[in-house]
Structure formats: C-alpha cells, structure tokens
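What follows is a set of notes on a single structure, which appears directly below.
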2 protein chains.
Amino acid sequence: MGSKDRILRLKEETRINILDASLDIVKEEGWQSLSMRKIADKIEYTAPIIYEYFANKEAILMELTRKGFLLLAKDMKEAKEKHRLPAKQIEAMWLAYWNFAFTQKELYQVMFGVDVNCCELAEIMPEAEVPFTLVTEVIQEIMAPQKPSEDDICVKYYTYWSVIHGLISINMVRRTTPDEINREILKTAISGITRSLSA
Amino acid sequence: MGSKDRILRLKEETRINILDASLDIVKEEGWQSLSMRKIADKIEYTAPIIYEYFANKEAILMELTRKGFLLLAKDMKEAKEKHRLPAKQIEAMWLAYWNFAFTQKELYQVMFGVDVNCCELAEIMPEAEVPFTLVTEVIQEIMAPQKPSEDDICVKYYTYWSVIHGLISINMVRRTTPDEINREILKTAISGITRSLSA
DNA sequence: TACCTTTGCTTAACACTGTTAAATAAATTT
DNA sequence: AAATTTATTTAACAGTGTTAAGCAAAGGTA
C-alpha cells in the first residue's frame, strides 16, 4: 500500500515547511520575533502540531544550524575545487566563508551565536569609543613616518580588533581550544599586525 | 532640608541595586533567564517599580554595556600607562582587552552581542567539523616541509577563523565599516597568515 | 452497515515573559 | 486632622514555549 509512503512524504514535506517558514520569519523580522505560533500561522496549522516534528523550539534552531553547516561546507568545497595552488585554495575557502556569512546572514547568526544588536552604538554612547581612540593614538604614533590616512589607521585597528574579538567569541560559544593555544594565537597575531604597521 | 538629598541618595542606591542584581542574576543563570520579576525579587520589590528607574529592560542592558565600556577603557588605559614603547603599549592594551572579556564575561557578552550557546556542538553535530577539515587539510599540505604537529595546524586554523569571524561579527552587530576597508583587512589578514605558514 | 480504534488537529490551559493601569498604603504638606 | 502627594503593590494585557485534553475524521474489523 503506497498510501503509507504518500503520508510519509507529506509528513516530510511539512517538516521542511516548518524549517522554511522559520527561516522566512527570521529573514523578515529577525531571530527575536520567531515564535512557535508565527511558524504555525505560516504553515497554516496551530502551534502544537509543530511538536510532532520537533521536540521544541531549540530543535528547530539546531536543525537550521545543521543545514547552515552543510551549505557552508558545500560553498567552501566548491571554492576549493576551483583552484590548484594551496594558498589560493585557502583564500578562496575563506572568501566563500565570508560570503556565506552575509548572503546567509540569518543562518550564520544562529550557527555562531551573533546577536543583531542596535546599530549606532557609538552615537548614543560615547564611552564605546574610548578603546578605539586609546589604540588608534598609538597606531598613529607608530605609523607616523608613513603619514597614514584615517582609513589606514582604521584598517589596522579593525584588524587587531577582529582577530581578538573573533578569538574571544569562538572561545565563548564553545570553549574547546586549550588556553595555551589561544595565548599563542593571540600573541603572534598581535605582534604580526604590529610589525605590519611599520612596513 | 537635607531629607530631599537623603531620598535622592536612596533612589540612586536602588538604581545601582537594580544594576547589581541584574548582573548577579546573569552571572548565576545567564542572560537568557534575566527577567524583571527576578530582578525585583532580588532587590525585594515588585517588578513595576523598576520602571521608575529604567524605561524598560533594554535600558538596563544599555546601562550595563555603558558600565562595561567604562571598565574596559579603564583597564586598557592602565595597561597602556605601564609601558613606554608603543608596540608594548598596544600589546598590553589588547591583552587587557582579552582579560576583560573573560573576567567580565557577562559584560562582554552584552556589549558585543555574543550568545552563550551549547558547548559541545561538534560532538552532537559532525557537520560542524567539515569546514575545519577542509581548511586544515590544505594547511597541512602547505606546512608539510616543517612537519607540523596537530597543535601547530590547529593554531593556524584558529588564527584564520578568528580574524574572519571577528570581522564578520563586528560588521553584523554594527555595520559601520565601509566594505572596501573590510575587503582590505580580510585579504591582507589572510595572505599574512598564509605567508606565516611557510615561515 | 455498525462499531471500534487510530490518526490529525484544535482548543484550553499552565507557567512564564515584558509592560501598563488601577488600587492602596504610607508619608508629607496644608 | 484633613488633604495631597509619593511609594509600592495588585491586577491585568498581550505575548512567549509547552503540554494535556478533547474532538472529528479516517481506517480497519465484525
């Protein structure tokens, strides 16, 4: 009896519908306003039936991160296969990673726990600029002989910041890296960038 | 009449109490479970009086990020003043930044929108490891002449990842950096790390 | 055909959340 | 002592995730 198959296929379909609806809502209104009732509305059911497909809301997010990792892996793999030189492969893969983060912004957010906070923090909170000025003063000092533009200094600051903040974030969402390794990454990264200032 | 002053002082005190209680709760149970009623419980009031001190919950979080930035700035300033050499100053400041992130973990989280997700993602989700293996394979290939240890390769991978993920996070929580600057940071950072592989 | 059982789905409810308005108790001023 | 202002609470609204109970339609069995 093929009707069993048809029913199973329908079940698999609404499972996918739930995931699609969730991602749609997130793309329209952000992660904050994703609710079980809204998902149910979109798939034209009521909230409780979602629990026949997923244990809870967390399970939906988990499945979306899984889908995200699969997509990311696919993109990176394809980028890699477009090149032969190892150095080019690495660059292509990380550029694919970068592009994925912004074309699949919502997936990236749930995968790596990045909030989409307020936008113009520096404008409504001057205190947030102090660390920036503290560091850029010194960068300016070191780079003085080369007469750098404001943008040059900005680039250097964000290079420092991104590597450090990135390392911190990674360690916060999953503290898997041993501390000695972190210290080594941190120190060599900082001194590497610092060297690049007077180059 | 000094009673007015005393009352104002008391008001300021419960304002501080609200902030302290909030941070305490977060340290004990995480950002997710911070609620107005829990704060009220801790300061031995009921929830609505909090709204006489803060417009809403968001305002409390904002004030905590402000406090966070002040503390971070103080730490970095002190670190800077301990050195005379610019390069040393920069290293000291970023190390202070690093230390702040972990000693004041909860403040850092609300300041930069870092979620505290599940811990052992790779164990319950093998897909999450594919990007890692994809890249480390190539790193291994490039570094082969130096016969690197697993840790050596790990360090390089996390160096790549942290700078890229950091740059992405920064751009997601506040998209203030122009796109050309991002591209420049990204490209030079990647090629810089790649060069360091065969050094 | 009539009954029974299973399935699919909804309604109702619980315990929370942030937030606001109304009611009440306490303190101050007149 | 009465009136008014201030401080605080209770009650309520609309929303959240989640579970249990109820119903209605479909399937199988006699």
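Reminder, nothing fancy here: chain letters follow the sequence lines and each chain counts from 1.
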Item to complete: Indicate whether any N or O donor in one side chain lies under 3.5 Å from an N or O acceptor in the other, for B:T194 and B:Y160.
Response: yes

Worksheet item: Can B:R9 and B:E12 be counted as an ion pair, charged N to O under 4.0 angstrom?
Response: no

Discussion item. Quick check on the helix from C:dT1-D:dA30 to C:dT30-D:dA1: what's the angle between its two end axes, five base pairs per end, to the nearest 10°?
Written reply: 30°

Fill in: Heavy-atom donor-acceptor pair, B:D152 side chain to B:S149 backbone, under 3.5 Å
yes

Discussion item. I need the CG-C1' distance between A:D41 and D:dG15, as an integer number of Å.
Written reply: 13 Å

Worksheet item: Below 4.0 angstrom, N of the basic side chain to O of the carboxylate: do A:K42 and A:E28 qualify?
Response: yes

Practice prompt. Under the side chain to side chain donor-acceptor pair (under 3.5 Å) rule, collect the residues that match up with B:D75, sequence neighbours excluded.
Written response: none

Discussion item. How would you summarise protein contacts on nucleotides 9-21 of chain C per nucleotide, using B for base, S for sugar-phosphate only and - for none, with heavy-atom distances below 4.0 Å?
Written reply: SBB-B---BBBB-

Worksheet entry | Value in whole Å for how far the P atom of C:dA27 lies from CG of B:L10 | 13 Å

Worksheet item: Any chance the rings of A:Y97 and A:F102 have centres within less than 6.0 Å?
Response: no

Worksheet entry | Plane angle bin for B:F69 and B:F112 - parallel if under 30°, tilted between 30 and 60°, otherwise perpendicular | perpendicular

Discussion item. Do the side chains of B:R183 and B:E180 get close enough for a salt bridge, i.e. N-O under 4.0 angstrom?
Written reply: no

